[in-house]
Structure formats: structure tokens, C-alpha cells
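Take a look at the structure set out below.
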Amino acid sequence: MEMGSELSKTVATFIVQKILLDEVGLNYICATAERFFAVGAVLGSMVQTLIDQPSVRLLKHIIRCYLRLSDNPRAREALRQCLPEQLRDPNFTACLKDDMVARRWLTQLLMNVGHGGESAGLQQPPLPGQ
């Protein structure tokens with residue numbers, strides 16, 4: 001997942017995302033600390049590469065992977081310590097300004113791990129009619 005073109009990284013991350021979205025896949029990855037931290041380390045490394053080579057599409061899949069990991073109580077606790085700082089940095093996440101779904105996922109992720117969506121400058125927009 002860490003090597004190759006943006007497209008190959010995006011496809012690899014999408015495959016991990018699909019595994020995580022399945023309950024069996026999430027449970028498998030979160031069953032041992034080694035598996036969880038292996039996935040977390042690769043995702044964190046990919047976030048680091050996005051500093052120099054931004055990709056909204058890849059960032060969106062990475063956020064979705066982290067969000068799904070946060071559905072597992074043990075993983076959620078670990079993410080409180082190892083979630084990349086960049087995901088809480090409004091300058092880094094500003095590229096998501098036009099992607100409402102990714103912004104919602106990031107806000108939910110930050111709330112799940114106890115960081116609150118406001119720290120990334122991602123307050124939820126009001127719903128239509130409010």
C-alpha cells in the first residue's frame with residue numbers, strides 16, 4: 001500500500017477498506033495487537049506521504065479505514081494514541097472542503113476517538129431546513 005502510484009495506493013487502500021467494512025474482516029484485523037498496529041502503521045505512513053503528494057481520493061479511503069477501525073472498542077482506544085496528528089490539522093484536511101462525505105467521516109472519526117470534530121475545523125454544517 002505504501003509503494004507505487006497514487007492509483008495503486010488508492011486501490012490497495014480501497015481493498016483494505018472493503019475488508020474492514022465486513023464484520024469478519026474488522027474482527028480479524030482487530031483480533032491481535034500485531035495485526036491492528038500493522039494496518040495502523042501503513043495507514044499512518046500513507047497519511048505522511050500525503051503531506052508532500054496530496055490526494056483527496058486516497059485521503060478519503062484512509063479516513064474511512066480509520067473510521068471503521070474506530071468501531072471496534074479496543075481499536076478505538078489504541079487510535080486515541082496513534083491517530084496521525086495531520087487528521088486533526090485544519091490545514092492538512094482543508095482539501096476535504098468540497099467533499100461532504102469525507103468531512104462527515106472525519107468528524108465522526110475524531111468524535112469516536114475523543115478528539116472532537118472541531119479540532120480539524122470540520123464543524124458539521126446545518127442540515128437543510130435548519
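FYI, side chains are in, hydrogens and waters are out, and symmetry mates aren't considered; it's all heavy atoms of this structure.
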Q: Enter the distance from Thr49:OG1 to Lys9:NZ here, rounded to the nearest 0.5 Å.
A: 4.0 Å
Q.
Quick check against the 3.5 Å criterion: does Thr107 have a side-chain atom that pairs as donor or acceptor with the backbone of Arg103?
A. yes
Q: Would you please name every residue forming a side-chain hydrogen bond (donor to acceptor under 3.5 Å, both in side chains) with Glu85, sequence neighbours left out?
A: Arg88
(Q) Could you work out, with side-chain hydrogen bond (donor to acceptor under 3.5 Å, both in side chains) as the rule, every residue matching Thr10, not counting sequence neighbours? (A) none
Q) Taking C-beta and beyond as the side chain, do Leu83 and Leu110 meet within less than 4.5 Å on heavy atoms? A) yes
Q) In terms of hydrophobic clusters joined by side-chain contacts under 4.5 Å, are Leu109 and Phe37 together? A) yes
Q.
Test: ring pair (Phe, Tyr, Trp, His ring centres under 6.0 Å). Region: residues 58-90. Which pairs qualify, not counting sequence neighbours?
A. Phe14-His61
(Q) With heavy-atom distances below 4.5 Å as the criterion, would you say the side chains of Leu59 and Leu87 are in contact? (A) yes
Q: Return each pair, listed once, that meets side-chain hydrogen bond (donor to acceptor under 3.5 Å, both in side chains) where at least one residue sits in residues 21-41; pairs must be two or more places apart or across chains.
A: Glu23-Arg68
Q. Would Ile51 end up clustered with Val47 when hydrophobic side chains under 4.5 Å apart are linked, directly or stepwise?
A. yes
Q | Close side-chain approach of Phe92 and Pro54, heavy atoms under 4.5 Å | A | no
Q | Check: Ile63 and Leu96 side chains under 4.5 Å, non-hydrogen atoms | A | yes
(Q) Please find the pair of heavy atoms, one from Ala75 and one from Cys30, that lie closest to each other, and give the distance. (A) CB-SG, 3.8 Å
**Q.** All pairs passing salt bridge (charged side-chain N to carboxylate O under 4.0 Å, His left out) where residues 52-64 contributes a residue, at least two apart
**A.** Glu6-Arg57, Lys60-Asp99
Q. With a 4.5 Å limit on heavy-atom distance, are the side chains of Leu50 and Ile62 in contact?
A. yes
Q: Hey, could you give me the CZ/CG distance between Arg104 and Leu67, rounded to the nearest 0.5 Å?
A: 11.5 Å
Q. Tell me the side-chain hydrogen bond (donor to acceptor under 3.5 Å, both in side chains) pairs involving residues 73-84, sequence neighbours left out?
A. Glu77-Arg80
Q: Would you sort out whether Trp105 and Cys65 count as a side-chain contact (heavy atoms from CB on, under 4.5 Å), showing the intermediate values?
A: CA-CA 10 Å; Trp105 286 346; Cys65 288; over 6 Å; no
Q) Taking a hydrophobic cluster as the set of Ile, Leu, Val, Met, Phe, Trp and Tyr residues connected by side-chain heavy atoms closer than 4.5 Å, whether directly or through intermediates, do Phe36 and Ile15 fall within one such cluster? A) yes
Q) Who are the side-chain hydrogen bond (donor to acceptor under 3.5 Å, both in side chains) partners of Asn112, not counting sequence neighbours? A) Ser70, Gln108
Q.
Quick check: do Leu43 and Leu69 have side-chain heavy atoms less than 4.5 Å from each other?
A. yes
